[in-house]
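Each remark here refers to the structure printed beneath this line.
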Amino acid sequence: MTATDRSLLRLARLAGVSPSYRDAWNKPRRVSPETLRMILIAMGFGVATPGDIAAAIAELEAAEWRALLPPVVTAASDAPATVPLTVPEEEGRASWSVILESGKRREGAAELGALEVVAEKRERRQRRRRLALPFGAGLPPGYHRLTATVGSVSAETVLIVAPRHAYLPPELEEGGRAWGATVQLYALRSVRNWGIGDFTDLATLAAGAARRGARTLGINPLHALFPAEPRHISPYSPSSRRFLNSLYIDPAAVPDFAHSTAAQAHVAAPEVETLLAAARDSELVDYERVALLKWPIFEELYRGFAQRHLGTEKDGALSERGAAFRRFQREGGGALAAYATFTALHGHMMRESGSFCWQDWPAPLRDATSPEVARFAVEHRPRIELHQYLQWEAERQLGEAARAAEAAGLSIGLYRDLAVGVDPNGAEAWADPSMMVTGASVGAPPDALNLKGQDWGLAPVNPVALRQQAYAPFIAALRANMRHAGVLRIDHVMALMHLYWVPRGVSPAEGAYVDYPFDDLRRVLALESHRQSCAVIGEDLGTVPAGFRETMKETRVLSYRLVLFERGRGGRFLPPEDYPELATASFSTHDLATLKGFWLGRDLEWRRNLDLYPSADMAERDRRERQRDRRRLLDALLQAGTLAPDAAKRLLPSDDEPIYEPELAEAVHRFLGHAKARLALMQVEDAVGELEQANLPGTVHEHPNWRRKLSLALDQVLHDPLFLRVTAAIAQARQEPELRAQPRRASGVP
């Protein structure tokens, strides 16, 4: 290794870039110097010459010792808070004051010599000492301000004090055995929606699931996408995670629809009725058609609302409803204004030049704070207000759905989903480009399901900028997605500890992990979980670092366990009693085959037809492994007593040609119901026997990802015989005593 390579490694470690990692097969992988170089460049470091690297190292080391206080400190509420102070070697006195979130003030002082030294920098003649704040057992949970003074130097930091554990509702406390359903909201059919599932459908399904005994209903991320480009449809690649996708609004449920004769006449026009019928009947969600149908109505509803409720510039008179909207705008603050401005500007630029990426716009428009953007905001205020109006209405309709679900008995509430990042071309990246790294994207290293690794195309958050902002963007994202929810699923929760960055232009297999402030972020998560009374599920599938799950368990974040992945020796499926208690158990997820698709090998068929296998040998290997997995699943169901031997023989005859029957869905969900996990989940797709999965990783246009509708309309789903059998099976199993390990017996599988 050259001296330059050694310096590069040193800089990488200082910047939080790991030079090696263990892959999904627990084998060590070393990151190439070129990958380290590219990631450091993406983070903003100069590495072109040895001198550049040396200067970057010196700056990082100096920055660590430059400030009296760090930008943010976190602490547990059940212990005294300790704060690092970077001070001169000379003895002296430190005084401090804490202004609590409540406004109360606490203060004190200490001799520096009495404080514990935790690090020192002799060449700078500085020491880092630990200041303990002696306020009883600890400070109250919250966001406080700490000011410290040593000599003539004063500094301020955000002091975040959090409970040690995340919130759990009574149904998920120790001994809890609840169950819930999950669905892709866009996939819901109904006789009244506009070709895509909406918030009214959500309320109907949630209430129907509650009547069957479900205590939560999980849905895909509701994040705002790109209204000007409706073909950008992945809910996991949003423009903003803080705002909602306006296509989920039910236009007829907007209060202003009842007062808009123009909107009603538009919908009643024969040509529009024909388009609506076609949109409802289509096999797949036609997002372009849905947008073409909804946006003229949205515009008309806003226009009528503004005329009736916002008054004119001359009189300024506001109705009660208008005042509520103005209050929503004020409370949304700069974030709402920036989102709406970007969305209006993005639409303008798409019409003018077809430019989807804001980084291709003229330089003044790439800066959210520029005079040109301010001038655009003045000139296009009605269009910007339209997007704010739609966020207001989306929040209202989502809240109404949550309240209707609770009233029907969905006691835990809605279960929302938070994507791991945002699209680099979207509103969040435009509004604060310092927070987003544009020279790399988020992904995953090679694993058993994706041998080439994955590049998700999402902009990584800059961990240094995140800490400098005292985690404000993370806090805002949590609050936005915990609203109207009793559970929040965090996609790829390992991102709290580290994220796999893929430098732009290279293979996903050539990425590296970048560290994030894990302890700080999980404390923030616990605090917000309690404040919003919202439990947390951490999606911890894939390559999970050693000790991660144990730490999340201590934080009382539910693990995410899939029957398909929970295996023991020889690839056998784990029995229900072997599932961890503090977990959520499900058969599958949106990125994997449905139960019927798994049983019949539909996912393998897709991979063969789309030439996704590196070789014919690998395709044949998967086919044979699926044959074994069918037998393993039947064996697990038989051992658990949830499937009869004669049913097993019908499902998998001696010729090994699988047959799908309702008994399999019942048995699998009875198995899930018996799982030790506190929350068991039933996919609606599995409860009605859907063959196709929502998303096929590794594809974009080759497979209709995020477009498939359920085969049945919503009212049919809730009365479908298979749905009734499956929900009865999981509900009954959840009420039965927990299964204990049984002696293994012959499975009876042929």
Exercise for the section: Please check if the side chain of S237 supplies one atom and the backbone of S234 the other of a donor-acceptor pair under 3.5 Å. Expected result: no
Practice task
Working to the nearest 0.5 Å, report the span between CZ of R670 and NE2 of H674.
Solution key: 7.0 Å
Handout entry: R561 CZ to E566 CD distance, which is reported to the nearest 0.5 Å
Key = 4.5 Å
Practice task
Could you check if a side-chain atom of F723 sits within less than 4.5 angstrom of a side-chain atom of L718, using non-hydrogen atoms only?
Solution key: yes
Practice task
Report the C-alpha distance between K596 and E685 in whole Å, list the side-chain angles of each, state the deciding distance to 0.1 Å, and finish with yes or no for side-chain contact (heavy atoms from CB on, under 4.5 Å).
Solution key: CA-CA 9 Å; K596 185 175 183 179; E685 293 87 347; over 6 Å; no
Handout entry: Flag, side chain of Q693 to backbone of D603, donor-acceptor distance under 3.5 Å
Key = no
Practice task
List the atom of L458, the atom of G421, and the distance in Å for their closest heavy-atom pair.
Solution key: CD1-N, 3.9 Å
Practice task
Would you please say whether a donor-acceptor pair under 3.5 Å links the side chains of E393 and Q397?
Solution key: yes
Exercise for the section: Check V557 against I537 and note the closest heavy-atom contact, atom names and distance. Expected result: CG1-C, 4.1 Å
Practice task
Compute whether any side-chain donor of one residue and acceptor of the other, for S711 and E690, lie under 3.5 angstrom apart.
Solution key: yes
Problem - Side chains of S240 and R242, donor plus acceptor under 3.5 Å - result: no
Handout entry: Six-ring centre of F243, R241 cation under 6.0 angstrom, axis tolerance 45°
Key = no
Exercise for the section: Please check if atom CD in E283 has more than 12 non-hydrogen atoms from other residues, nucleotides or ligands closer than 6.0 Å. Expected result: no
Problem - F518 ring center within less than 6.0 Å of F548 ring center - result: yes
Practice task
Take K553 and E550, measure what salt bridge (charged side-chain N to carboxylate O under 4.0 Å, His left out) needs, and give me the verdict at the end.
Solution key: CA-CA 5 Å; K553 180 181 178 181; E550 292 76 9; over 6 Å; no
Exercise for the section: Would you confirm whether R177, through its side chain, and G673, through its main-chain N or O, come within 3.5 Å as a donor-acceptor pair? Expected result: yes
Problem - Parallel, tilted or perpendicular: rings of H530 and Y167 (30°, 60°) - result: perpendicular
Exercise for the section: State, to 0.1 Å, how close D629 and R632 come at their nearest heavy-atom pair, and which atoms those are. Expected result: OD1-NH1, 2.8 Å
Practice task
Output, in order, the C-alpha distance, side-chain angles, deciding distance and verdict of side-chain contact (heavy atoms from CB on, under 4.5 Å) for M482 and R416.
Solution key: CA-CA 7 Å; M482 287 178 171; R416 295 182 62 183; over 6 Å; no
Problem - E692 vs R602, salt bridge (charged side-chain N to carboxylate O under 4.0 Å, His left out): CA-CA, chis, key distance, verdict - result: CA-CA 7 Å; E692 304 286 4; R602 180 59 170 157; 2.8 Å; yes
Problem - L478 and its side chain to side chain contact (heavy atoms under 4.5 Å, CB included) partner, picked from L521, V524, L527 - result: V524
Fill in the blank from the handout: In this structure, CG of L410 is separated from CZ of R403 (nearest 0.5 Å) by 14.5 Å
Handout entry: Spatial distance of atom CD (Q639) from atom CG (L634) [nearest 0.5 Å]
Key = 11.5 Å
Handout entry: Exam field: side chain R483 to backbone G399, donor-acceptor pair closer than 3.5 Å
Key = no
Exercise for the section: Answer yes if the side chains of S282 and K709 hold a donor-acceptor pair under 3.5 Å, and no otherwise. Expected result: yes
Handout entry: pair L414-L202: side-chain heavy atoms closer than 4.5 Å
Key = yes
Problem - Donor-acceptor contact below 3.5 Å, side chain H669 vs main chain A665 - result: yes
Completion exercise
From the list H701, H703, R707, side-chain hydrogen bond (donor to acceptor under 3.5 Å, both in side chains) partner of N705 resolves to H703
Problem - Quiz item: cation-pi between R489 and Y415, 6.0 Å / 45° - result: no
Handout entry: Flag side-chain contact, heavy atom, 4.5 Å: L205 against L188
Key = yes
Exercise for the section: List the steps, then state whether side-chain contact (heavy atoms from CB on, under 4.5 Å) holds for F199 with D250. Expected result: CA-CA 6 Å; F199 291 127; D250 173 5; 5.7 Å; no
Practice task
Answer yes or no: is there a side-chain heavy-atom contact under 4.5 Å between V493 and M552?
Solution key: yes
Exercise for the section: Please examine the side chains of D540 and M494, heavy atoms only from C-beta on, and report whether any two atoms are closer than 4.5 Å. Expected result: yes
Exercise for the section: Please answer whether the main-chain N or O of G443 pairs with a side-chain N or O of D455 as donor and acceptor at a distance below 3.5 Å. Expected result: no
Practice task
Indicate the ring-plane relationship of W706 and H590, choosing parallel, tilted or perpendicular according to the 30° and 60° boundaries.
Solution key: tilted
Practice task
Give a yes or no answer on whether the side chain of E539 reaches the backbone of L541 with a donor-acceptor pair at less than 3.5 Å.
Solution key: yes
Exercise for the section: Determine, for E173 against R556, whether the closest basic-nitrogen to carboxylate-oxygen distance falls under 4.0 angstrom. Expected result: yes
Practice task
Taking the side chain as every heavy atom from C-beta outward, state whether V422 and H223 have any pair of such atoms under 4.5 Å apart.
Solution key: no
Handout entry: Charged N-O contact under 4.0 Å between D578 and K676
Key = no
Exercise for the section: Please report the shortest heavy-atom distance between A677 and A583, naming the atom on each side. Expected result: CB-O, 3.4 Å
Exercise for the section: Indicate yes or no for a side-chain donor-acceptor contact from W599 to the backbone of I659 under 3.5 Å, with no hydrogens or angles considered. Expected result: yes
Exercise for the section: Taking the six-membered ring for Trp and the single ring otherwise, decide whether the centroids of F598 and F587 are under 6.0 Å apart. Expected result: yes
Handout entry: Shortest non-hydrogen separation from T642 to F671 and the atoms involved
Key = CG2-N, 3.7 Å
Handout entry: Closest non-hydrogen atom pair, T543 against P445
Key = OG1-CG, 4.1 Å
Problem - Check: R212 side chain, L724 main-chain N or O, donor-acceptor pair, under 3.5 Å - result: yes
Problem - Spatial distance of atom CH2 (W179) from atom CG (L681) [nearest 0.5 Å] - result: 10.0 Å
Problem - Side chains of V442 and Y500 in contact at under 4.5 Å (non-hydrogen atoms) - result: no
Practice task
Give a yes or no on whether a salt bridge exists between R650 and E663, defined as a side-chain N under 4.0 angstrom from a carboxylate O.
Solution key: yes
Practice task
Quick one: sort the Y287 and Y186 rings into parallel, tilted or perpendicular, breaks at 30° and 60°.
Solution key: tilted
Exercise for the section: To the nearest 0.5 Å, tell me how far T555 OG1 sits from R522 CZ. Expected result: 4.0 Å
Handout entry: Side-chain donor-acceptor pair present, E702, W606, cut-off under 3.5 Å
Key = no
Practice task
Taking the side chain as every heavy atom from C-beta outward, state whether L612 and T699 have any atom pair closer than 4.5 Å.
Solution key: yes
Problem - Any donor-acceptor pair under 3.5 Å from S529 side chain to C534 backbone - result: yes
Exercise for the section: Under the side chain to side chain donor-acceptor pair (under 3.5 Å) rule, collect the residues that match up with D201, sequence neighbours excluded. Expected result: S190, R192, N193
Handout entry: Evaluation steps, salt bridge (charged side-chain N to carboxylate O under 4.0 Å, His left out), between E666 and R725
Key = CA-CA 7 Å; E666 280 188 275; R725 290 171 64 177; 2.5 Å; yes
Exercise for the section: In plain terms, say whether R531 and E528 are close enough for a salt bridge, that is, a side-chain N and a carboxylate O under 4.0 Å apart. Expected result: no
Exercise for the section: Verify whether one side chain among S411 and E406 offers a donor that lies under 3.5 Å from an acceptor in the other. Expected result: no
